[in-house]
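For reference, the structure is listed below as structure tokens.
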Amino acid sequence: MSGQDDTPRPTPEQLAAMSHDELVRLGSTLDDVEIAYRQERWPVPGTRAEKRAERAVAGWFLLAGVSSLAAVAVFLFWPWEYSGAATANHGLYVFYTPLLGTTIGLAILGIGVGVIAYSKKFIPEEISVQQRHTGGSPEVDQKTTVAVLSDSLQTSGIMRRTLIKRSLGFGAGALGIMAVIPLGGLVKNPWAQGDSSPLWTSGWTPTNDEKIYLRRDTGRSDDVVLVRPEDLAAGAIETVFPFRESERGDHEALLAALHRSDNPVMLIRLRPDAAAMVVKRSGQEDFNYGDYYAYSKICTHLGCPTSLYESQTNRILCPCHQSQFDALTYAKPIFGPAARALPQLPIEVDEAGYMVAKGNFIESLGPAFWERKS
Ligand code: FES
């Protein structure tokens, strides 16, 4: 903003003595702003129509406030943890995301429509024309700009419309709270349970010396189908999950074993010619059972499931960012962004002929994290 050269400039003394309105007019003149048309929305103040319009705008802000608080309540109190179709909480759980979306959407809509409605119903209609200027802004321009901005606030009339001011404060305040509250979910101590913290454990972590079987997922969580070596042909792969006898008949436990994100393990039966070329990792020499090798399915890059096993090349592929792991070399990464081998689960066959875990993984599963020990 820069004034025209031919516009008379006030002296500092004159400037200091000017009233608010005079500063506004001076600012417009210096800015080469010509107000071509200006019309108050409500020339006669206090009419019933004006009150009605005021209540309508306030209603939108109130909707925003109530919806924001409802979103906060849903976020804090609604059952959000996964509940399977046959569980008691399933009916509530399925509404968690739709309710959050609806309440947050209404909150944003309420503020947006309220602001638009206010500007259409209460801000004076005005058409102004301003010439463009270049260069910096002298002190007189800076002062008059502040005056013009403050005049805009006064002209908008919002300072004297208490109902709208309060409802806007309520709506915008609640919207702000709604935006900040979810950050609280990030404030957690992942190591609160010591050595039993989720990042150190998985469903394969031994509990009470109970045998852990390799279980097939049939699509029905209550079916328990254990895996025998003869179930896999040479060059085949099967995704398996942990199963303990103490979980038999326990719907929740069986479901949890299938759903825990770091439980899936790829059981691969190598072709005999490929098995002859295997290079074992130091410390994992006895982790396989014959031609059977079990690797965590969770990619060590960013945790996608590395579901693609190509039996001709013995490569395991992660579809997310194309990392490839060599199944003949302890699932070492040979291409792509993953930098760590897929952890290997030690396996054997028990006296009844079922495949079982011989022990736990000896390193953490999935993507790297600062505290990882191996
Ligand atoms: S998550 Fe597997 S390559 Fe990125």
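In each ligand, atom 1 is the first atom listed, and ligand 1 is the first ligand listed.
The shortest non-hydrogen separation linking Ala174 to Gly65 is CB-O, 3.5 Å.
Ranking protein heavy atoms by distance to atom 1 (S) of ligand 1, first place goes to Leu302 N, 3.3 Å.
Its N, O or S atom nearest to atom 4 (Fe) of ligand 1 is what matters here, and for His301 that atom is ND1. Nearest to atom 4 (Fe) of ligand 1, among the N, O or S atoms that His321 has, is ND1.
Residue Cys299: an N/O/S atom is found under 2.8 Å from atom 2 (Fe) of ligand 1. The nearest N, O or S atom of Cys304 is not closer to atom 2 (Fe) of ligand 1 than 2.8 Å. Distance check for Cys318 against atom 4 (Fe) of ligand 1: none of its N/O/S atoms falls below 2.8 Å.
Interface atoms of ligand 1 facing Ser323, defined by a heavy-atom separation under 4.0 Å, are 3 (S).
For the pair Arg244 and Tyr213, the cation does not sit on the ring face, since its NZ or CZ is not both under 6.0 Å from the ring centre and inside 45° of the axis.
Side-chain contact, Ser19 with Glu22: a donor N or O sits under 3.5 Å from an acceptor N or O.
Applying the side chain to side chain contact (heavy atoms under 4.5 Å, CB included) test between Leu258 and each of Asn263, Thr218, Asp217 identifies Asp217 as the sole match.
Relative orientation of the Trp42 and Phe122 rings is tilted, given thresholds of 30° and 60° on the angle between their planes.
Considering only heavy atoms from C-beta on, Asn314 stays 4.5 Å or farther from Tyr293 through its side chain.
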